[in-house]
Structure formats: structure tokens, C-alpha cells
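Take a look at the structure set out below.
Both backbone and side-chain heavy atoms feed into the values below; hydrogens, waters and symmetry mates do not. Below, chains carry the letters A, B, ... as their sequence lines are ordered, and counting in each starts from 1.
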Amino acid sequence: MTTTATFLQRCHRALTEIHRLTPQLTSQLPGKPLHPHRPRSLTTSPASTALTTSFSQPLPEVAPRTRLTPLSPSYYTGSPEYYDNLLALQDLLRSHEALPTIHGDEAPEVQWKTIDEYRLIIGDRVKPSRYNKVIRILDRLNRIDPAIMPAETKAALLLYTRPRNPELKRRVERTVDNFGRAYAIGRRKTAVARVFLVEGEGQTLVNGLPIIKKFSRIHDRESVLWPLVVTNRADKYNVFAVVKGGGKTGQAEACTLAIARALRIHEPALKHALREAGCITVDHRQVERKKPGHLKARKMPAWVKR
Amino acid sequence: MVPPILWRCLRMPHIIHPLKPRLCLHNFTTTPPFSAKPLKPKGPPTSSKMNPGKQRMQSNKVHVKKKPILVQKPAYEVGQRKELRKRIVLSNTNAIPVVLPTMTADLIGNEDAAGAMFALPSGEGDTIVDRLRALEAFQTKQHWPFFYRPCTLFRRETVEVGRLLERVVKWEAAGEDGRVNERAILHGYYGCGRSILLLQAMTWALQKEWIVIAIPNAQDLVIGHTEYEFEGSSHLWLQKASTTDLLNRVLKANRKALKGMKLSQSYRLGRIDEVRKGDSMERVLETAVLDPLLAWDAFNVLLGELGLPGSPPALFTLDNLNQISIPSKYRDQAFNAIHSHDLALPNAFLAYLSGKRGFHKGVILAATSSKCSRTLALDAALECREVDPYERLDPRIGPSIEGAQIIRVDSLSKEEAKGLMDYYNQSGIMKDPVDIATFNEKYAVSAGNPRDLFGTCLRMRQ
Amino acid sequence: MVNLYGVQVAENQLVHKALRSFFGIGHSVADRICAKFSIHKTARISQLTQPKVTAITLEMTKMVIDTELKRKIADNVIRLKDIGTYRGKRHALGLPVRGQKTKKQIVCARRFNRLRTNI
């Protein structure tokens with residue numbers, strides 16, 4: 001008898017807590033029959049119908065069951081609160097999947113709640129991988145075209161966004177200075193390139209030398225000018241670069257990054273094209289240090305018997 | 001990755017050049033090759049029952065076959081590989097012919113022609129290309145084998161080189177007395193086309209029937225690969241083999257002009273041979289070519305005669321000037337490195353370049369090279385730049401090029417690059433037709449350098 | 001075949017290489033001999049004139065090379081032995097002379113550090 005009593009208690013707790021934690025979510029779910037998995041709901045209590053369905057359209061009356069069933073379909077998953085939340089979000093996404101989306105670069109900038117804040121919502125431990133799953137869905141929802149974003153989605157996303165802290169310093173927007181120069185820095189290996197980009201007729205000076213004198217390999221020159229070449233602007237900008245440290249390849253590719261960044265200051269719309277060309281991604285790899293006991297970074301001396 | 005040149009083979013009918021060796025390519029095929037021997041018809045099967053004894057005898061005896069001793073032929077004959085390496089192919093019948101005007105002598109110093117491509121004269125009965133080849137004006141790595149016929153770009157620098165020739169031509173036409181010597185050094189970055197400018201100057205000079213003396217690669221004179229010998233009277237080291245080669249080239253290229261040159265006085269060649277007044281210069285050189293001992297004297301006779309009034313104009317060129325501004329690989333008797341300027345041939349050239357000696361009418365052209373390392377003294381003299389006061393510079397380099405005009409060979413301008421790229425396009429080098437975006441890209445990546453421009457046109461983007 | 005310092009040398013051999021075939025003439029000495037007679041790097045024996053070959057031979061006779069050099073070295077070793085030095089003893093034993101360890105790897109010493117009286 002005791003077991004039955006505890007089960008009843010837990011059912012009740014789940015019922016009330018879920019209601020407390022995700023009231024908006026559950027209330028905003030669309031009224032139509034949701035998906036084929038929905039009937040696996042095990043509950044018999046009348047409160048559960050009110051919880052999982054819209055207020056406007058009550059579910060048809062179901063003959064009350066005699067056996068007690070858990071309220072949440074995720075009852076046996078171990079963390080029912082999280083899974084209820086996830087399923088609700090997945091339902092929301094599924095219902096809006098067909099809506100047109102925009103590119104991730106153009107989507108409105110939002111900061112999702114951190115994993116700790118999310119844990120507070122759920123009221124339980126959440127693994128980072130599970131948190132990431134939720135964030136992925138939220139990102140996808142955020143990419144729905146803002147012009148036709150449904151109100152319910154907007155409201156749902158609002159739940160998970162962090163409030164903007166006005167005291168935090170906002171990122172300074174880089175602009176072209178009054179001489180028409182865009183300035184940017186790029187790094188690769190141990191080289192650092194500082195680039196001034198101005199509109200011009202396609203001349204390039206690296207450390208005060210014509211590019212052909214600085215980079216005698218065609219490949220290096222191609223690397224340097226890649227952002228301009230790939231956006232078809234090789235004859236529209238003049239480059240003045242100061243690059244130090246590293247070797248030829250590092251210097252050339254540091255210039256690539258710096259030029260790409262400077263070009264984005266001139267023409268922010270090129271971001272997508274430059275990303276496709278691989279000019280924006282920072283290659284932060286460095287030479288791995290040599291360790292004592294090793295011949296190189298990882299190489300061990302040959303094994304000798306005794 | 002298939003190079004773009006090969007795609008053209010699909011379009012062009014495959015013509016096999018009769019003189020070129022055929023490249024043997026084995027395509028995948030399931031049919032037997034024609035050269036394979038036909039299968040032998042099977043004879044009557046040898047029955048073991050018919051002669052059982054024989055078979056037993058065979059099985060008992062260990063049959064040892066004597067292998068014939070094979071004398072392996074070397075893959076290449078002596079000198080064959082060098083010949084292959086140095087062979088210059090000037091035409092490619094697989095390339096698409098491009099109709100271009102010929103680079104004639106009346107284009108000398110013509111500014112309007114700058115930016116256009118011109119073909120070297122190679123019509124019927126025109127031997128200019130052969131004569132240039134004899135002078136070794138073409139080099140192996142100048143991408144000639146990609147095109148149907150040798151063509152060159154007329155550049156701003158070509159106009160400047162043409163001006164030098166033009167001045168001499170005008171002087172000659174005016175019939176004025178007195179000497180006129182135009183001296184210039186072509187200098188620039190690697191692959192900027194200095195050797196091609198020399199080639200263009202030679203083309204014009206040969207068409208004008210000047211005497212062209214060309215040292216195609218100064219490196220050959222200083223790396224210590226030919227014999228040398230001290231000559232006491234002039235304190236110079238003679239290189240008889242090299243001088244013979246040079247005279248041979250001069251003779252082959254300028255036979256007609258040399259035939260017309262008559263000696264103004266008698267000379268003594270070597271100890272015994274003598275050439276009389278009124279003999280043709282051709283005879284002198286023919287004698288000298290056969291006997292290396294006479295070569296240096298004959299060369300001096302040639303230079304001396306060219307300095308006298310009434311002689312034809314001369315063009316004296318030397319490629320890779322840097323190589324003779326570093327110590328040579330030759331050693332004197334005390335095992336000191338011989339200064340390149342003490343070698344007779346470089347010394348003679350530099351005497352003309354610095355104006356110590358002169359032709360009656362002539363142009364002296366030198367081209368620098370980017371392949372020679374550490375020629376600080378020469379660079380300082382050419383570029384007139386500040387040098388480290390603690391640097392020990394060779395004091396003989398500066399005066400050796402003093403007074404010569406320095407022609408800076410720059411990158412191609414956009415118009416020139418466009419002309420060159422259109423030519424590449426028409427010759428079928430490039431896969432796609434050139435649009436403005438492609439042109440801008442190639443021009444920016446190559447930075448207007450002709451050698452790199454060809455490289456970027458030929459290769460595909462990664 | 002050309003007779004150079006009493007040895008028959010193939011015609012197509014490089015002069016520099018032919019000189020180096022004598023004990024006591026290495027790269028640097030061969031370079032110096034070539035420089036003295038103005039012989040370039042790629043010269044072959046066949047390209048030398050007879051007076052030059054004679055001159056080279058004469059030059060070589062003035063130098064201590066070949067058998068003479070070997071005998072000189074042997075004499076030095078014998079002298080060390082005779083005056084009873086440690087080095088002389090080590091030579092006689094065929095062991096390393098200059099303080100190397102003898103636990104292992106003394107093949108070269110065994111080969112070279114021997115008393116050779118009759119050369």
C-alpha cells in the first residue's frame with residue numbers, strides 16, 4: 001500500500017511542478033492534435049488534459065481510466081522536466097518548420113540563457129550536451145524570417161533570452177576613418193598583419209615593398225589577395241599592410257585575415273561571401289611546444305630493450 | 001589534375017610533328033595491340049605414348065639453358081641528356097595559330113605599337129629565327145613550346161630599347177662621322193622579361209644586318225667549366241674554348257654581314273697565320289673557328305674592325321651581368337680566385353659597356369639576372385642606394401658599368417597584360433575566355449610580372 | 001692511357017679525380033695542383049698536353065705522397081715505439097692511442113693503429 005501512496009504523491013508533484021515551471025509553453029501549444037506520439041500520454045486525470053491542450057479547444061472526453069498513470073510522458077526518462085521542455089520546443093519547431101528562414105549571419109542577435117540559468121528553469125541538473133540540444137533548436141527558431149515570425153514563437157524565444165545588460169560595454173562598431181581607410185589586424189601562426197584598406201585601383205604594398213618583392217611565390221600572393229579576388233574586388237582597393245613575425249606563409253595568411261576583416265568594414269554585406277571563401281575564420285593553431293623527454297612535440301625516442 | 005593544355009587535344013585534330021619524337025601514351029584498351037605477335041597455331045599435341053623414352057630422358061636430365069650475355073645499352077648516349085635539356089622547341093603544332101603582325105625593323109622606337117603582340121619574322125626564306133637560335137637568344141624556360149610560333153610583347157621597355165637602336169640608325173642615315181655608342185643595362189625583378197628584351201633588340205639588329213655579338217649566359221664564362229690560360233701581355237686570362245664558341249655563334253648568325261666586311265689592314269693570327277688587307281671578315285672567323293688558338297686574336301680583329309669608320313653597326317649583348325660581378329670559380333697559380341673582370345671575354349664586354357672601348361656605331365646591352373646571389377656592389381651601383389659603410393664592396397664593379405644607361409624593366413601595365421593575356425587566350429592556353437574579373441584576378445596575383453602572369457594563366461585555381 | 005706519376009690513368013677520367021687517387025692527395029691539394037697548372041674543374045686527362053702531364057708529375061715528385069708518405073707515417077710510429085712512449089705502446093697493441101674508451105667500438109683502432117714496419 002505504501003508504494004501506491006508514494007506513486008500518487010509523485011504523480012501529483014510532477015503535475016504541479018510542470019505546471020509551475022512551464023505554464024506559458026504548455027498554454028501556447030497549438031490547439032490541433034499535436035503529433036502521433038501525443039496519445040502515449042499516460043495520464044487519466046482531468047487536470048492533465050487541461051495542461052497539455054489548448055484552452056480554446058478541449059479534447060474530446062476520454063473515458064476515465066481506472067489505473068493511475070504518470071502525468072508526464074517523460075516520466076520514466078530520468079529527467080522528465082527537461083524532456084518535457086525539449087519535446088515542447090521540438091513541437092514548436094516542427095509546426096513552424098516550413099516557414100522561410102534567413103541566413104544565420106543576418107538573424108537578430110540574441111544571447112540565450114546560460115546553462116546555469118537554464119538549470120534554474122528546469123529545476124534540475126542539465127548536462128551540457130542536453131543544453132546544447134535546446135540551444136540548437138532555439139537558434140533554428142531564431143532564424144525564422146523576422147517579418148513573419150509567429151507571435152507564439154517570439155514569446156517562446158523571449159523566455160530563453162537573457163535580458164540585455166546596459167552596463168556591459170557594447171562592441172564598438174568599426175568604421176572607415178576620415179581618410180577612407182579601414183584598419184584591421186590578422187594573425188596566423190606567429191605572424192601579425194596590420195592592414196589599411198582604401199578604395200583605389202588595386203595596388204598592394206606590404207611593408208613598403210611591392211607585393212611581388214615581398215612574396216615571390218605566386219601561392220603566397222594568391223593567399224594575400226584571396227579576399228579581394230574572391231569578391232571580385234581585386235582592382236577596387238589599395239592595400240597597405242605592415243606584417244611582422246613568422247615566416248612567409250604565416251605572413252601571407254595573416255594578411256588574408258586582416259584584409260578580409262578590413263573589407264568587411266568597407267562592405268559589411270560581403271560577410272557571407274567571405275565566410276564561404278574561408279577568409280573570416282581565424283586559424284588559431286600554433287606550433288606545439290617541444291616537451292622534455294620527447295624528441296619533438298609528441299615523438300618519443302625509439303624504444304630500446306634495457 | 002589534367003593541365004588545361006591537354007583539354008585542347010580534344011578539340012584540335014592531333015597533328016604529329018614529323019621532327020618531334022612521338023610521345024607514346026598507353027590508353028586503357030581491351031583489344032590486343034597490333035604489335036603483339038599473333039598466337040601461334042597449335043601444332044599436333046606431343047603424345048607421351050608415342051615416345052615414352054624421350055620423356056624419361058628429359059625428366060632425368062637437368063636442363064640448363066645458357067643465357068646469352070646481354071650487353072646493356074645505356075639509356076642515353078654521352079651528351080644526349082644535355083642535348084635534350086638544352087633543346088629549344090619554338091613551335092607547337094597542337095597550339096592554335098594566332099594571326100599577328102610581324103616584328104619588323106620599322107617598328108624600332110614606335111611608341112604606338114606598345115601593348116601589342118608581334119610575331120618574330122619566320123616566313124618563307126626568312127632566317128631570322130634560325131639566326132636568333134644560333135645566337136642562343138632563346139632560352140629553354142621561356143615557354144616557347146606552348147605556342148604555335150614565337151611571338152613577343154611590345155612593351156614600354158621595348159620602345160626604350162628601340163630608341164637606342166633608333167639613335168644609331170638615324171646617325172647612320174644622316175651619314176655623320178664620329179662614333180656613336182649606346183650603352184644600357186636592363187634591370188628589374190625576377191621574370192620581368194629582360195632576356196626577351198635582348199631577344200627583341202637582336203631581332204631588329206639582325207633585320208638591319210648589323211653584326212650581333214651575343215654572350216647568352218655570362219655564367220658559362222665564370223663557373224670554371226672551360227679551359228683558361230694566362231696571357232702575359234694583357235694580364236688577362238684567356239678562355240679559348242669559350243671564345244671559339246662565341247665566334248662560331250657570331251659567324252652562323254651574321255654570315256652575310258661579315259662577308260661584306262673587308263679588312264682594312266693585315267693582321268697576324270697566332271704565330272703563323274696571317275690575314276691580308278681586303279680579306280672578308282667571314283674568312284677570318286672561319287679560320288679561327290677551326291683552331292681555338294687563333295680565336296682570341298680573331299675576336300680582337302673583329303672588335304677592332306668594328307671600331308673603324310665604314311664598318312657596319314654592331315650589337316653586343318650579355319645576359320646575366322650579375323654573374324660576372326662576383327669572383328669566378330677559376331683559380332690563379334697562387335690559388336686565389338680570379339676576379340671575373342680579369343677573364344678576357346667579360347673584360348672585353350665591360351670595356352665596351354663602360355665606354356673604355358667603343359664601336360664605330362653600336363649598341364651595347366647587358367641584362368641582369370635574379371638567379372645570382374649576393375651581388376651587393378652591383379645592386380648598389382645599379383640602384384644608387386645607400387650601402388652599409390662596413391660592407392666590403394668590390395671596388396671594381398662600380399666603374400665597370402659607369403656611364404651606362406639603366407633601363408628599369410618594370411611590371412607590365414594593365415594594357416600590356418591585357419594584350420598578353422588575349423594572346424594566351426587565343427593560343428588556347430586558358431580554359432575559359434578571359435572576362436574582366438579573371439583578368440583582374442590574374443593581374444593582381446601576378447602583380448604584372450610576365451613570368452608569373454603566364455604561370456597564373458596556365459595553372460588552375462585551387 | 002696516360003702515364004701520370006708512374007701510374008696508368010684512363011683518358012676519360014677527370015684530372016681532379018685522377019690526382020685524388022694518390023694517397024696523400026685530397027680535394028684541397030688536388031685543387032691547388034690544378035690551379036697551379038691552370039686546369040679547369042671539368043678537364044679530363046685526354047685534354048692535357050704532354051708537357052702539362054710531365055709538369056704535374058714533376059710537381060708530384062716534389063711532394064711527399066703515396067708510398068713515401070706511408071713510410072713516413074710508419075717511421076713516426078716506430079719512433080714513438082722506440083722511445084717507449086705510451087702512444088707507441090698503444091700502437092703496438094693495436095689499441096686507441098688518444099685516450100678513447102676501449103670497452104667497445106675500437107674497430108678502427110684495430111685496423112689503423114698497427115706497427116707496420118715494411119711498406
Original post:
Would the number of heavy atoms belonging to other residues, nucleotides or ligands and lying under 6.0 Å from OH of Tyr76(B) be above 12?
Top reply: no
Original post:
Would you find more than 12 non-hydrogen atoms of other residues, nucleotides or ligands less than 6.0 Å from Glu391(B) atom CD?
Top reply: yes
Subject >> Under 4.5 Å from a heavy atom of chain C, the part of Ile338(B) involved >> reply: neither
What are the sub-3.5 Å donor-acceptor pairs between chain B and chain C, distances to 0.1 Å?
{"from": "Gly224(B)", "atom 1": "O", "to": "Lys41(C)", "atom 2": "N", "distance (Å)": "3.2"}
{"from": "His225(B)", "atom 1": "O", "to": "His40(C)", "atom 2": "ND1", "distance (Å)": "3.3"}
{"from": "His225(B)", "atom 1": "O", "to": "Thr42(C)", "atom 2": "OG1", "distance (Å)": "2.9"}

